[in-house]
Each structure stands twice: as C-alpha cells, then as structure tokens.
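To start, the structure itself, in structure tokens.
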Amino acid sequence: MRYETINPATEEIIDSYETMSQNEVLGIARQSHAAYLEWRDCPLQERLDLVSNLAGVIRANLEKHSRFMSIEMGKPITQSRAEVEKCALLCDVYVQKAEEWLAPERVEADGKEHRVIFQPLGVILSIMPWNFPYWQAMRFAVPGVIAGNTSLLKHASNVPQCAFGLEELFREAGFPPNIFRTILATHEAVSGLMADVAIQGISLTGSTGAGARIAETAGRNLKKVVLELGGSDPFIILEDADIEVVARNAVTGRMVSTGQSCIAAKRFIVMKNIADNFTARFSELMNDLVIGDPLDDKTDVGAIVDKKALDELLAQLDQSVKAGAKVVTGGKRLDRKGFFLEPTVVTDTRPEMRIVSEEVFGPIAPIIVVKDEEEAIRVANDSIFGLGGSVWTRDIDRGIRLAEQIEAGTTFINSIVKSDPRMPFGGIKRSGIGRELSKYGLREFVNIKGINIYEHR
C-alpha cells in the first residue's frame with residue numbers, strides 16, 4: 001500500500017511511501033533481536049560513547065532535521081530547532097547519569113548478601129506520534145539502547161522523513177546495524193508484530209483510544225507496556241500572581257507546537273477577582289502572534305497537522321459556542337492555503353462544553369473562572385486526564401500545597417509543564433501508564449533482577 005505525505009502549510013504533496021509487508025516487518029524484528037544478543041553484552045561505557053557520538057551528530061545536522069519536522073507536520077522552525085537540540089541534551093544527560101542509574105543496588109534481607117541488578121529485555125517496539133517527532137522517539141530510544149535493548153520505531157504515517165532521519169542519526173553516530181530501526185507498517189502489521197516473540201516490550205505515545213487498543217493487544221500477549229497518552233492540563237492562576245508574567249507564560253504553554261501537545265496548558269483556571277485583567281492581556285498577546293510559513297524564523301504559529309484535525313478543532317469550538325461560550329479573539333480558519341487556525345481565547349465556559357471536557361489539540365484556550373483555591377482544585381481534577389498541571393502564585397508554599405493536590409503525573413509551580421531528561425515524565429488516570437525519562441524511565445524496560453546469596457551449610 002502506498003500513501004502520500006502532505007505539507008500542512010501548503011497542502012502540497014511531499015512524497016509517497018510504500019508500507020512494509022507483514023513479512024518485511026517481522027524480518028526487521030528478527031534482525032533487531034539478533035543484534036540485541038550481541039548488544040546486551042556490549043560494555044556500558046561503549047554504549048555511552050556511542051550515545052555521546054549521537055549527541056554530536058544531532059547537533060551537526062540540526063538544520064536538516066529541523067526542516068524535516070517543520071515541512072512534514074507544520075511546526076515553526078524555531079521550535080523544531082529547539083526540539084532537535086533537546087534530543088542532544090537528552091543524550092548528554094544519560095551519558096552523565098546512566099552508570100549511576102543502572103548501578104547494582106545492595107539490599108539488607110535475611111541472607112548473606114542481596115543485590116538488585118538491571119538487565120535488558122530485548123527488542124522494544126515504540127509507536128510514536130507526529131507532534132514531537134524527534135523528541136518523543138529519542139526520549140524512548142536513548143534510554144532503551146543504553147540499557148542494552150534494541151529499538152524498533154513505528155512512527156506516525158505523516159512523518160516518514162523524520163522517522164528515517166532518526167535511523168540515519170543512529171547510523172551516522174556509529175551504532176551497529178539494527179540497534180535502531182524504523183518501519184513503515186499498517187495497523188494490522190503492527191498488531192502481528194506485537195504478538196511476535198521477538199518483541200519484549202511496547203512504548204506508545206498517542207491518544208487515549210490508541211493507548212487502550214495497544215494495551216489490550218499487549219495484555220493478550222503478556223508484553224510490558226508504557227503508555228504516554230492525552231492530557232487536558234490545568235493552568236491555575238491565583239489572585240497574587242503577576243498578570244503580565246502569567247499571561248506571557250500562558251501563551252507559551254498553550255501555543256507550543258501550535259497547541260498540538262499533550263502537555264500544553266489546556267484549561268485556564270483563574271480566580272474571579274483577576275479574571276478580567278488576565279483575559280484581556282492573554283487575548284492581546286495571543287492576537288499578536290505571527291501566523292505563517294513554518295520555515296520562516298518570524299513565525300510564531302504554524303499549521304495544524306491536517307484537515308481532519310483542523311475540522312475537529314472547529315467542531316469542538318462550534319459546539320461550545322452554541323452552548324454559550326464567548327470567543328474573545330480568534331476562532332477562524334485563515335483564508336489561505338494550508339491548515340491554519342487563529343489563536344483563540346474563549347470565556348463563559350462550562351464543564352459540558354467540548355473545549356473543556358475533551359482534549360483540545362490545537363490553539364484554543366478556554367478560561368474557567370473560580371471563586372477560591374478549593375474550587376480551582378476541584379475543577380482541575382474534574383477530568384479523565386492526569387498528565388500535568390501548573391500553579392501560578394508569588395507564595396511558593398501555597399503553590400506547593402496546591403500542586404500536591406492536582407491529580408497528575410507532574411506538576412509545576414510558576415512554570416509551564418515541560419519534560420526534562422532528569423525528571424520522570426508520564427501520567428495517571430487516562431493519561432497513561434508508566435514513566436519515561438530520568439532513572440525511572442531508564443528502568444521501565446529492564447529486568448529488575450534480585451540476586452540472593454546464602455552461606456553453603
């Protein structure tokens with residue numbers, strides 16, 4: 001089966017690609033398994049040296065891979081460059097910390113000596129989305145190969161240049177063949193692959209629906225899974241917050257990747273006595289953003305990934321407006337080629353509106369007015385999602401107290417939600433299972449083995 005990729009900013013065809021057959025996919029998995037049998041015995045320092053090489057190769061080819069990203073999925077080029085550089089930082093951090101994070105641990109128990117060691121599992125399949133096509137694949141692959149696993153990437157079908165670009169980076173860094181491979185496969189081929197004995201684990205970043213389907217298949221085949229799924233992150237603004245500081249961060253938090261991010265701020269929960277001032281400044285800043293060619297350095301807002309996604313955003317907004325919501329700024333598709341939507345701020349929202357109750361994967365920002373912090377936490381937690389959240393206040397102790405009450409995998413005080421290689425990342429509720437990044441992510445796809453030693457008597 002052939003399919004075409006389309007530039008979302010121009011609606012022009014980029015290229016066409018042939019999906020791999022079931023036999024081709026299984027053949028690559030077998031090659032990855034054969035490579036694993038040697039790679040697992042490669043000394044850790046040799047693996048780390050290759051990851052250090054990878055960081056250098058990424059930085060040396062930053063512009064090339066940034067352009068792949070912006071052309072295929074519409075992200076502003078400045079954000080694409082930042083994403084590629086972040087992949088290099090990821091490598092740097094794991095090179096510095098992996099030996100410590102994988103070091104055997106001693107445990108006091110009833111025998112002479114007890115150790116916990118961390119050993120690789122085998123071939124790990126990653127199923128990745130288009131919105132951060134380099135970062136999300138790298139944040140899974142780098143810890144995996146350091147631990148001694150091999151990595152098989154099934155990327156989103158609209159970013160094949162990025163998918164093969166990732167494979168090229170590993171190859172140029174000097175990794176042995178088949179340590180990191182990319183496949184272009186149908187859903188049926190991937191289902192068959194997940195059932196195959198060569199695959200020992202599966203990591204998915206994607207929608208909640210996709211996560212449920214992958215988890216079901218993995219469960220039937222008793223495969224370990226890590227799922228990083230959707231989010232509807234609350235952005236809580238307390239009455240003592242600096243309106244200018246918060247409004248600027250609100251724009252950044254909502255508009256990263258043109259709002260197409262699982263950890264974007266998606267529900268702006270504001271104390272009643274500052275709501276009007278915040279809404280006015282936030283709307284001004286959103287209205288000032290430059291929408292345009294993703295390859296132009298002056299562009300702040302790129303394209304929505306495709307027409308289907310744009311139509312869904314407009315449908316979510318239309319339902320909410322019909323239910324009584326008020327559009328303060330934006331709300332329209334641009335009258336030009338490409339899938340562009342104006343940055344949009346919406347007030348007079350209610351829980352049953354789609355822009356509040358669902359994940360909104362694009363530049364629409366609903367404002368929810370509350371009377372006190374108790375209501376703010378109740379509203380924040382009134383969601384099927386639990387990925388991230390933030391609290392904005394001059395009172396750090398108060399911020400910590402509220403952040404601890406938010407039902408999410410990660411919370412921030414006076415910062416937008418973001419991922420960092422040194423901190424665990426993942427969600428609860430319908431936002432996922434397991435963790436990525438930090439030592440916790442490094443240990444997700446390893447055998448945590450206990451070695452128990454007793455006297456011979």
Side-chain angles (χ1 to χ4, degrees), residues 78-79 82-83 85-86 89 93 132 135 231-257 259 261-286 288-289 300 343 345 347 360 363 365-383 385-428 431 435-438:
T78 53
Q79 294 182 24
E83 180 174 336
E85 173 57 37
K86 190 173 181 179
L89 172 66
V93 169
F132 290 89
W135 170 247
S232 186
D233 289 4
F235 186 106
I236 299 174
I237 308 166
L238 301 182
E239 65 275 0
D240 67 338
D242 184 312
I243 295 297
E244 183 66 22
V245 169
V246 174
R248 290 189 178 279
N249 279 279
V251 171
T252 302
R254 175 64 273 198
M255 295 305 297
V256 62
S257 198
S261 169
C262 55
I263 56 170
K266 296 194 177 84
R267 293 176 294 143
F268 294 85
I269 302 168
V270 192
M271 294 297 167
K272 184 175 182 178
N273 59 346
I274 61 167
D276 289 345
N277 289 340
F278 168 76
T279 300
R281 186 58 181 142
F282 182 38
S283 300
E284 287 174 356
L285 293 170
M286 290 280 272
D288 288 344
L289 294 173
D300 299 313
V345 178
T347 59
V360 179
I367 294 176
I368 305 166
V369 179
V370 295
K371 64 180 182 297
D372 54 31
E373 64 180 52
E374 182 179 350
E375 185 180 7
I377 291 298
R378 180 181 59 77
V379 171
N381 292 337
D382 184 20
S383 173
F385 299 107
L387 191 54
S390 62
V391 179
W392 297 81
T393 175
R394 287 186 171 94
D395 186 339
I396 299 298
D397 289 338
R398 185 185 182 195
I400 293 171
R401 177 167 51 79
L402 267 66
E404 289 176 344
Q405 297 176 61
I406 295 174
E407 296 170 353
T410 184
T411 53
F412 287 73
I413 296 105
N414 299 327
S415 170
I416 63 170
V417 177
K418 54 190 177 182
S419 56
D420 185 294
R422 293 153 289 202
M423 286 292 289
F425 182 82
I428 60 172
S431 286
R435 290 295 177 266
E436 295 180 302
L437 303 176
S438 77

Looking only at heavy atoms, what is the nearest atom pair of [X] and [Y], with distance?
X      : Y      : answer
Ser283 : Thr279 : OG-O, 2.7 Å
Arg435 : Pro424 : CD-CB, 4.3 Å
Ile428 : Ala408 : CD1-N, 3.6 Å
Ala365 : Met286 : CB-CE, 4.4 Å
Ile413 : Ala403 : CD1-CB, 3.8 Å
Gly231 : Leu387 : CA-CB, 4.2 Å

In Å, rounded to the nearest 0.5 Å, how long is the span from [atom1] of [X] to [atom2] of [Y]?
X      : Y      : atom1 : atom2 : result
Ile416 : Ile263 : CD1   : CD1   : 7.5 Å
Gln405 : Asn381 : CD    : CG    : 8.0 Å
Arg378 : Glu373 : CZ    : CD    : 13.5 Å
Ile274 : Ile243 : CD1   : CD1   : 4.0 Å
Leu402 : Ile400 : CG    : CD1   : 11.0 Å
Trp135 : Leu89  : CH2   : CG    : 7.0 Å

Closer than 4.0 angstrom, basic N to acidic O: yes or no for Asp242 and Arg394?
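So Asp242 pairs with Arg394 through a salt bridge.
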* Considering only NZ, NE, NH1 and NH2 on the basic side and carboxylate oxygens on the acidic side, decide whether Glu239 and Arg398 come within less than 4.0 Å. =>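 Looking at Arg398 together with Glu239, the answer is yes, because their closest N to O distance falls below 4.0 Å.
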Is there a donor-acceptor contact under 3.5 Å from the side chain of [X] to the main chain of [Y]?
X      : Y      : value
Glu83  : Gln79  : no
Asp233 : Gly388 : yes
Arg254 : Gly259 : yes
Lys272 : Asp372 : no

Tell me which one of Cys262, Ser419, Ser257 satisfies side-chain contact (heavy atoms from CB on, under 4.5 Å) with Phe132.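 With Phe132 as partner, side-chain contact (heavy atoms from CB on, under 4.5 Å) holds for just one option, Ser257.
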Taking the side chain as every heavy atom from C-beta outward, state whether [X] and [Y] have any pair of such atoms under 4.5 Å apart.
X      : Y      : answer
Leu437 : Asp420 : no
Thr410 : Met423 : no
Ile236 : Trp392 : no
Ser232 : Lys266 : yes

* Can Asp300 and Met255 be said to form a side chain to side chain contact (heavy atoms under 4.5 Å, CB included), step by step? -> CA-CA 9 Å; Asp300 299 313; Met255 295 305 297; over 6 Å; no
Original post:
Could you go step by step and tell me if Val391 and Thr411 meet the side chain to side chain contact (heavy atoms under 4.5 Å, CB included) rule?
Top reply: CA-CA 8 Å; Val391 179; Thr411 53; over 6 Å; no
Which residues pass the salt bridge (Lys or Arg N to Asp or Glu O under 4.0 Å) test with Arg281, not counting sequence neighbours?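 With sequence neighbours excluded, Arg281 shows a salt bridge (Lys or Arg N to Asp or Glu O under 4.0 Å) to Glu244, Glu284, given in chain and number order.
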| query | With under 30° as parallel and over 60° as perpendicular, where do the rings of Phe268 and Phe235 fit, or are they tilted in between? | reply |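 The arrangement is tilted - the two ring planes meet at 30° to 60°.
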Side chain to side chain contact (heavy atoms under 4.5 Å, CB included) between Ile368 and Val270, worked out: CA-CA 6 Å; Ile368 305 166; Val270 192; over 6 Å; no
Between Ile367 and Phe278, does a side chain to side chain contact (heavy atoms under 4.5 Å, CB included) hold up when you go through it step by step? CA-CA 10 Å; Ile367 294 176; Phe278 168 76; 4.1 Å; yes
